[in-house]
Amino acid sequence: MIKKLLGRVFSGRMFKSARPRIIAVGEHGITRDRIGSCALRTCDALQEAGYSAFVVGGAVRDLILGRDPKDFDVATNATPEEVRGIFRRSRVIGRRFRIVHVMCGRDLVEVTTFRGPADEGGAGAQVEDEHGRLLRDNVWGDQAQDAARRDFTINALFYDPAKQEVWDYHGGVADLKRKRLRMIGDPAQRYREDPVRMLRAVRFAAACGLEIDAPTRKPVKELAKLLANVPAARLFDEMLKLLLSGHAAECVKRLRREGLHHGLLPLLDVILEQPLGERFVMLALQNTDARIRDGKPVSPAFLFAALMWHEVLAAWKKIEARGVPPIPALYEAMDEMLDKQTEQLAIPRRFTSDMKELWALQPRFGQRAGQRPFRLLEHPRFRAAYDFLLLRCESGEVDAELGEWWTGFQDSDADGRAAMLVADTGPAKKRRKRRRRKAGGPAAPAAD
Ligand code: ATP
Ligand code: MG
C-alpha cells in the first residue's frame with residue numbers, strides 16, 4: 001500500500017495532476033460548433049442532469065492540431081448505469097473496461113466514466129496479471145484521477161462544450177505545440193500495465209508528426225517482449241488501427257526502429273531485411289495511406305495479405321522443393337503461415353478467407369491461353385487480385401510485362417482480347433513450364 005502510494009507520488013500522479021490549466025476559447029480557438037452533434041447532445045444532457053461531461057481524448061487532440069476528429073469520446077462522473085438511465089438509446093458494453101454506447105440516429109458516442117486509482121476500488125474492480133498488466137479496470141474516480149490514468153499527455157485533454165474550455169492536467173497542449181509525445185507517470189510502469197501503449201506511442205507519434213520524448217521511448221526496447229502477453233485479438237485491433245491510420249508506412253518504419261515489429265507478424269523483421277520483401281510491404285502500405293487520404297475504402301484483408309505475402313512465397317518454395325505440385329504447395333504454405341500468425345496476432349476468419357482467395361488467385365495470372373484469362377476476369381475478386389498483382393510487379397517480384405498484359409487485356413474489346421491470347425500448344429507439361437517462365441519464376445506457376 002505504502003509502496004503504491006509512494007510510486008504514485010513519485011510518478012507525479014497525485015499532486016501535479018490535481019489542478020488543470022483551464023484554457024479559454026480565446027486561446028485555443030475551438031468553438032462548440034466543431035464538436036459532432038451526437039457528442040454535443042450527450043454532453044448537454046449529462047450536464048443538465050447535474051453531471052460533469054467533457055469531450056475527451058483523440059478528438060480534442062485532433063482539434064488542437066487543426067484536424068477533423070474521426071470520432072468523439074465523452075468522459076463523465078456519471079456511472080455507466082446512471083448514463084444508461086439518461087439515454088433511452090444506449091447500452092453498457094465491455095467487461096475489462098465498461099463503457100456506454102449512446103446512439104443518436106446512426107451516430108454513436110462512447111461515454112466513459114472517470115477512472116480512479118486501483119487501491120480505492122472494491123474487490124475485483126481492478127485485476128492484474130503477473131506482469132502487472134491490467135485485466136480489468138472499473139474503479140471510478142474524479143476527473144484529475146481520470147486524467148492521470150490516460151496514456152499520453154496529449155490524450156488527457158478535456159473539452160467542455162458548454163463553456164468552450166479546454167482542461168489540461170498534464171501539459172498536453174504545450175506538448176502538442178512542441179511536437180512531443182510524453183507518457184503520463186512512469187513510462188515503464190505504464191507499459192507494464194498495458195503493453196499495447198507501446199504500439200499506441202508509435203501510432204500517435206507517426207500520425208501526429210511527434211517526437212517520442214526520451215524517457216517515454218527508453219523503456220520500449222526492453223519491454224517490447226511484453227507484447228507477447230497481450231491477447232492475440234486485442235493485438236489485432238491495435239495493429240488494424242495502426243495500419244488504417246493513414247500513416248501506416250511511417251508507423252511500420254517506426255515500429256522497426258523501436259524493435260516492436262518482432263512479435264506482431266511472424267518474420268516481419270525477416271521480410272523487412274530482404275530488399276524485395278521490404279519494397280513490397282512498403283509499397284502496399286504507401287498505397288493504403290494514399291487511399292485513406294483520398295477518402296477511398298481500404299480492405300484489411302488486402303493489407304494483411306500483402307504483409308504476409310513474402311512469407312507465404314518463401315514457404316511455398318520450400319514445400320515445392322519437397323516435390324509437392326505447385327498449387328497444393330501454395331495451399332499448404334497459406335495454411336502454415338496463417339496458423340503461425342494466429343498464435344501472435346489473431347486475424348479474424350472473415351479476413352483470412354479473403355486473404356487466401358487473393359493469394360490463391362495469383363498463379364492464375366500466369367495463364368494467358370484459352371478460356372482461362374476470361375474466367376479469371378469474371379471472378380468476383382478479380383479487381384483486388386489484379387491490384388495485388390500490380391504491386392508485385394511494381395516491387396520487382398514479377399515481370400512488369402505480366403501486369404501490363406492484364407491491364408491491356410481488360411481494356412481491350414473482344415477481338416483485341418482474342419488477339420492477345422498466348423498460343424497454347426504442345427504437351428501440357430511443357431506448356432506449364434513455359435508459362436511459369438513467362439510469369440516470372442515460381443511465384444506464378446500454372447493452376448488447376
Ligand atoms: P484515435 O484517434 O485513434 O481514436 P484516441 O486518442 O481517441 O485516438 P482511443 O483508443 O479512441 O484513442 O482512446 C480514447 C482515449 O482513451 C485516449 O485518448 C486515451 O486518453 C484513453 N486511452 C485509450 N487507450 C488507452 C490505454 N491503453 N491506456 C491509457 N489510456 C488509454
Ligand atoms: Mg478515439
Side-chain angles (χ1 to χ4, degrees), residues 11 13 17 20 35-36 38-39 54-65 67-76 93-94 96-101 107-118 126 128 132-139 141 143-159 166-170 172-173 175-176 181-210 216 223 226-227 229-231 234-235 237-248 251 292:
S11 67
R13 287 215 229 167
S17 65
I35 307 299
C38 191
F54 293 81
V55 172
V56 71
V60 188
R61 175 194 73 221
D62 291 345
L63 285 168
I64 289 175
L65 285 173
R67 301 177 180 186
D68 283 330
K70 64 175 169 43
D71 50 31
F72 293 87
D73 300 320
V74 167
T76 178
I93 62 153
R96 196 185 89 90
F97 200 85
R98 278 170 63 222
I99 60 174
V100 186
H101 276 171
D107 244 10
L108 183 149
V109 162
E110 278 187 359
V111 181
T112 317
T113 304
F114 294 147
R115 255 66 179 176
Q126 194 174 49
E128 45 185 61
R133 187 171 70 84
L134 285 178
L135 301 177
R136 199 175 304 158
D137 191 4
N138 290 314
V139 181
Q143 188 180 10
Q145 290 168 332
D146 183 80
R149 297 184 51 77
R150 291 181 180 271
D151 44 9
F152 305 101
T153 62
I154 61 163
N155 284 348
L157 299 169
F158 298 80
Y159 178 78
V166 170
W167 292 36
D168 180 1
Y169 284 86
H170 293 279
V173 173
D175 281 343
L176 277 176
L181 186 78
R182 200 158 51 88
M183 180 72 89
I184 298 168
D186 172 38
Q189 185 191 335
R190 306 299 312 278
Y191 292 135
R192 280 204 186 88
E193 280 171 9
D194 183 3
V196 157
R197 289 175 184 147
M198 293 186 268
L199 299 181
R200 291 173 61 86
V202 166
R203 171 161 65 94
F204 294 127
C208 305
L210 311 175
T216 298
L223 298 178
L226 293 182
L227 281 174
N229 306 323
V230 176
R234 175 136 193 262
L235 218 46
D237 287 346
E238 199 54 42
M239 196 61 187
L240 195 58
K241 279 193 189 176
L242 189 146
L243 293 173
L244 301 181
S245 66
H247 302 269
C251 281
I292 289 175

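Source: prediction; values computed, not measured. As the structure lists them, so they are numbered: ligands from 1, and atoms in each ligand from 1.
Note that the NE2 atom of H247 and the CZ atom of F204 stand 12.0 Å from one another [nearest 0.5 Å]. Summarising the geometry, atom CZ belonging to F158 is positioned 6.0 Å from atom OH belonging to Y169; distances are rounded to the nearest 0.5 Å. Atom CZ in R234 sits 4.0 Å away from atom CG in D194 (nearest 0.5 Å).
Residue K70 has at least one N or O atom closer than 3.5 Å to an N or O atom of ligand 1. Any N or O atom pair closer than 3.5 Å counts here, and R150 shares at least one such pair with ligand 1. For ligand 1, the polar-atom distance check finds no N/O of F204 at less than 3.5 Å from any of the ligand's N/O atoms.
In this structure, the protein non-hydrogen atom closest to atom 3 (O) of ligand 1 is R203 NH1, 2.7 Å. R197 NE, 3.7 Å is the protein heavy atom nearest to atom 26 (C) of ligand 1. With respect to atom 30 (N) of ligand 1, the closest heavy atom belonging to the protein is D151 N, 3.2 Å. Taking atom 27 (N) of ligand 1 as the reference point, the nearest protein heavy-atom neighbour is D194 OD2, 2.7 Å. Of the protein's heavy atoms, D73 OD2, 3.5 Å lies nearest to atom 14 (C) of ligand 1. The nearest heavy-atom contact from the protein to atom 13 (O) of ligand 1 is R200 NH2, 3.8 Å.
Considering only residues two or more places apart in sequence or on other chains, C38 meets the disulfide bond (SG atoms under 2.5 Å apart) condition with C104. With sequence neighbours excluded, the residues forming a side chain to side chain donor-acceptor pair (under 3.5 Å) with R98 are E81, listed by chain and number.
Side chain of D168 to main chain of L157: no donor-acceptor pair is present (N/O by atom type, distance under 3.5 Å, no hydrogens or angles).
For ligand 1, the atoms closer than 4.0 angstrom to any heavy atom of K241 are 10 (O). The contact set between ligand 1 and G57, taken as ligand atoms under 4.0 Å from a residue heavy atom, comprises 18 (O). For ligand 1, the atoms closer than 4.0 angstrom to any heavy atom of G58 are 5 (P), 6 (O), 7 (O), 18 (O).
Counting all heavy atoms, side chain and backbone alike, V74 lies closest to V56 at C-CG1, 4.1 Å.
For V56, no heavy-atom contact with ligand 1 is shorter than 4.0 Å.
The closest approach between a heavy atom of R61 and any atom of ligand 1 is below 4.0 Å.
No salt bridge links D175 with R61; every basic N to acidic carboxylate O contact stays at or beyond 4.0 Å. Under 4.0 Å is where a charged nitrogen must lie from a carboxylate oxygen, and between R200 and D151 at least one such pair does.
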